[in-house]
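Atoms within each ligand, like the ligands themselves, are counted from 1 in listed order. Throughout, residue positions are numbered sequentially from 1 according to the sequence presented.
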Amino acid sequence: MSNYRIRTFEEYEAAHKKSVENPEAFWGEIAEHFSWHKKWDKVLDWNFDEPKIEWFKNAELNITENCLDRHLKERGNKLALIWESNDPKEKFVRLTYRELHTQVCKMANVLRSNGIKKGDRVCIYLPMIPELAISVLACARIGAIHSVIFAGFSANAIADRVNDAQAKMVITSDGLNRGAKQIPTKRVVDEALEKCTSVETVLVAERLGWAPNMVEGRDKWLGEEMDKAHKDCVPEIMNAEDPLFILYTSGSTGKPKGVVHTCGGYMVYADYSFRNVFQYEESDVYWCTADVGWITGHTYIVYGPLLAGATTLMFEGVPSYPDNGRFWQVVDKHSVNIFYTAPTAIRALMAGDEDDVLSYSLDSLKTLGSVGEPINEEAWHWYNSMVGKEQCPIVDTWWQTETGGIMISPLAGITKTKPSFATLPLPGIQPVLLDAEGNEIKENEQEGLLCIKHPWPGILRTTWGDHERCKNTYFSAFKGMYFTGDGAKRDSEGNYRIIGRVDDVINVSGHRFGTAEIENAINTYKGVTESAVVGFPHDIKGQGIYAYVIYSGDNTDPKAIRDGIVQKIVENIGKIAKPEVIQLVPGLPKTRSGKIMRRILRKIAEGDISSLGDTSTLLDPEVVDLIIEEAPHVKQKS
Ligand code: PRX
């Protein structure tokens, strides 16, 4: 394993063995490859009970020196970032490592001159423009904790996150492009900040040339600030366990939680997983289509590739604009070698015209990746033959916001792929399957709850401001284990196939929503007495959102009620959480103790009423028949 890159299956096996037998030696050797101001006293100290997990104890570093400065000597003129616009006719932007370094240093100085210091929280609500990557890195440069908020979230969702983090600054833009649409991001931030008191400064990047409202004394144009900024910036020296960022994600309860990642461990894991899974070679152009608003964009657009000295492509647009060939046009235009996307995008493109793919050569591609949800076999084969021409290994990468980086995945060209299987754990990762009682299932060809039994450097450390919640959500279900919330199967060769969430989390197009979060939004609509939200299989999105709502208000027009409910969801979360179906129901199936029987609601949402199970123990069994009578999916099927 030279330069901690595994190059053969034998090396994979040896690395895995070593990582299990002596995790500290394994990770300690990998960490030697980074630039530290001070090395660690101990590689790992941990217990999963509190939980308390410390990697590279008392080491000191700055992650941006590892992403940028250390590459300047050998890769100063290499492209670090290629930015491709939403509009294919707009000129792309290319920044070398040296240029990106300068931009990050300038922006870091802008943050400092606006009163931001180590430990302060900065919320970033930006479209996929270079300023987004630069802002993230600028925060890291000065030790400010960034919290990126996906630019599709609503004003209320921003306000919740800003307030929870008590952010001092928000960085946004005048507006954003998404396909043919333009969206006034600054206006959304202004609305959010009516509910926030912690924010002192708003920096506004210019993207559309609009003239948004600028609040005197609070709002500043980023461009003007950058013009004044010096290009040298001494990095803040961080302890390995200082927080690097917060990223809010949905769970089974109503309020999204702020997953916290720290500087040292996250750095080591982002780089290690990037190099090994994608088998990046020095001249490769790498493109991950995710948004930096999600963990995939953090680890595999910004940090991982830059740590590895790679050329990373950032795309502002969507796969369907101006037409369904856009991804492939970008691949050919920039000679992309490694392409990493989500099953939902693959399925959407698969449903379109074959010529949209066949019109492009795609000759540069050598590795394909998938992330965010299980990839069904049909989509896997289409991706493999139409895009990869059966020449490119597909890495189906399983991981989570909480894991910081890829956990179970083939290593491109090194370990075997298997359609719809994430396959084997990366060396350093120790997955186990448990039964409902928490007993480890040691045999293969079995299915169980997916847990991880030993820490890895990228594991979350806490949930912001509420450590108890971190403990209860991930470390309390099974003693001594990190519980993923996913169910998985293991085949005869030890390959893992992820089945999906076993908790109240719905995965729509690779984005996580808690059912309670959506129910809370629905319940704010006047006249709604109660609601229950479940996921159901959706051809393109993986899962769709199905809401059952009891309405007892004065409105008699069902369409107006549904529209009103959608409006509440859009206001509280964002358009991305719009339900596919809203069914107004007279009641909900409940047990005698008042618990909603979601299993029954899921079955009805699927349109499968053949196996509802025993409903006689319900408080009001007739309600099930009444729901079925009106259920649109069941009707379609019968
Ligand atoms: O259910 C799993 C699914 O996405 C969840 C994590 O969501 P999030 O934190 O938003 O991160 C998404 C990007 C890493 C997991 O609990 N998931 C993610 N990748 C896969 C997957 N399910 C199956 N196969 C995958 N490759």
Side-chain angles (χ1 to χ4, degrees), residues 148-150 152-153 245-252 256-261 266 269-270 273-274 277 288-301 303-304 340-347 368-377 379-380 383 394-410 417-426 429 431 447 449-452 458-460 463 473-474 477 482-490 495-514 517 535 537 541-543 576-577:
V148 184
I149 304 171
F150 172 64
F153 277 119
F245 66 84
I246 307 171
L247 185 57
Y248 285 85
T249 188
S250 298
S252 337
K257 49 189 175 286
V259 167
V260 175
H261 285 289
Y266 176 81
Y269 200 68
S273 55
F274 173 78
V277 170
C288 166
T289 70
D291 192 293
V292 177
W294 312 110
I295 191 69
T296 308
H298 281 61
T299 311
Y300 298 113
I301 294 178
Y303 287 113
Y340 188 30
T341 195
T344 186
I346 299 166
R347 287 191 298 261
L368 302 176
S370 167
V371 60
E373 50 172 317
I375 175 163
N376 48 310
E377 291 207 24
W380 195 100
Y383 198 24
I394 298 178
V395 291
D396 176 0
T397 64
W398 173 82
W399 59 297
Q400 310 178 296
T401 304
E402 296 84 346
T403 70
I406 297 167
M407 303 284 281
I408 303 182
S409 166
T417 62
K418 181 170 176 180
S420 78
F421 280 72
T423 73
L424 300 174
L426 267 65
I429 304 306
E447 184 174 323
L449 301 167
L450 182 63
C451 290
I452 316 288
I459 189 174
L460 89 161
T463 42
T473 313
Y474 308 106
Y482 165 80
F483 176 44
T484 65
D486 279 324
K489 272 185 194 165
R490 197 167 46 215
N495 292 306
Y496 287 86
R497 176 189 184 136
I498 310 300
I499 300 165
R501 303 290 305 193
V502 295
D503 53 9
D504 291 326
V505 169
I506 308 179
N507 191 331
V508 183
S509 301
H511 302 147
R512 262 160 80 170
F513 298 101
E517 188 184 355
K541 299 178 177 180
Q543 278 191 299
I576 46 174

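Only the backbone of E373 comes within 4.0 Å of ligand 1, judged by heavy-atom distances. With a 4.0 Å cut-off on non-hydrogen atoms, D486 touches ligand 1 through its side chain and not its backbone.
An N or O contact shorter than 3.5 Å links G372 to ligand 1 by distance. Considering both main-chain and side-chain atoms, T296 never comes within under 3.5 Å of ligand 1 through any nitrogen or oxygen pair. Checking only distances, R512 does come within under 3.5 Å of ligand 1, N or O to N or O.
A tilted orientation is assigned to the rings of H511 and F150, their planes being inclined by 30° to 60°. Using cut-offs of 30° and 60° for the angle between ring planes, the Y303 and F245 rings count as parallel.
T299 places no side-chain N or O within 3.5 Å of a backbone atom of G304 that could act as its donor or acceptor partner. Of the possible polar contacts, one joining the S273 side chain to the A270 backbone as a donor-acceptor pair under 3.5 Å is found. In this structure, N507 contributes its side chain and Q543 its backbone to no donor-acceptor pair below 3.5 Å.
Residue contact check: T397 has heavy atoms under 4.0 Å from atoms 19 (N), 20 (C), 25 (C), 26 (N) of ligand 1. Interface of N507 with ligand 1, defined as ligand atoms under 4.0 Å from a residue heavy atom, comprises 3 (C), 4 (O). Each of the atoms 13 (C), 14 (C) of ligand 1 lies under 4.0 Å from some heavy atom of V371.
Not a single salt bridge (Lys or Arg N to Asp or Glu O under 4.0 Å) links K489 to another residue, sequence neighbours left out.
The nearest heavy-atom contact from the protein to atom 6 (C) of ligand 1 is W399 O, 3.7 Å. Scanning the protein for heavy atoms near atom 23 (C) of ligand 1, the closest one is P374 N, 3.1 Å.
Across all their heavy atoms, P256 and Y248 have their closest contact at O-CD2, 3.9 Å.
Ligand 1 is never approached by A422 to a heavy-atom distance shorter than 4.0 Å.
A distance of 6.0 Å or more separates the ring centres of Y269 and W399.
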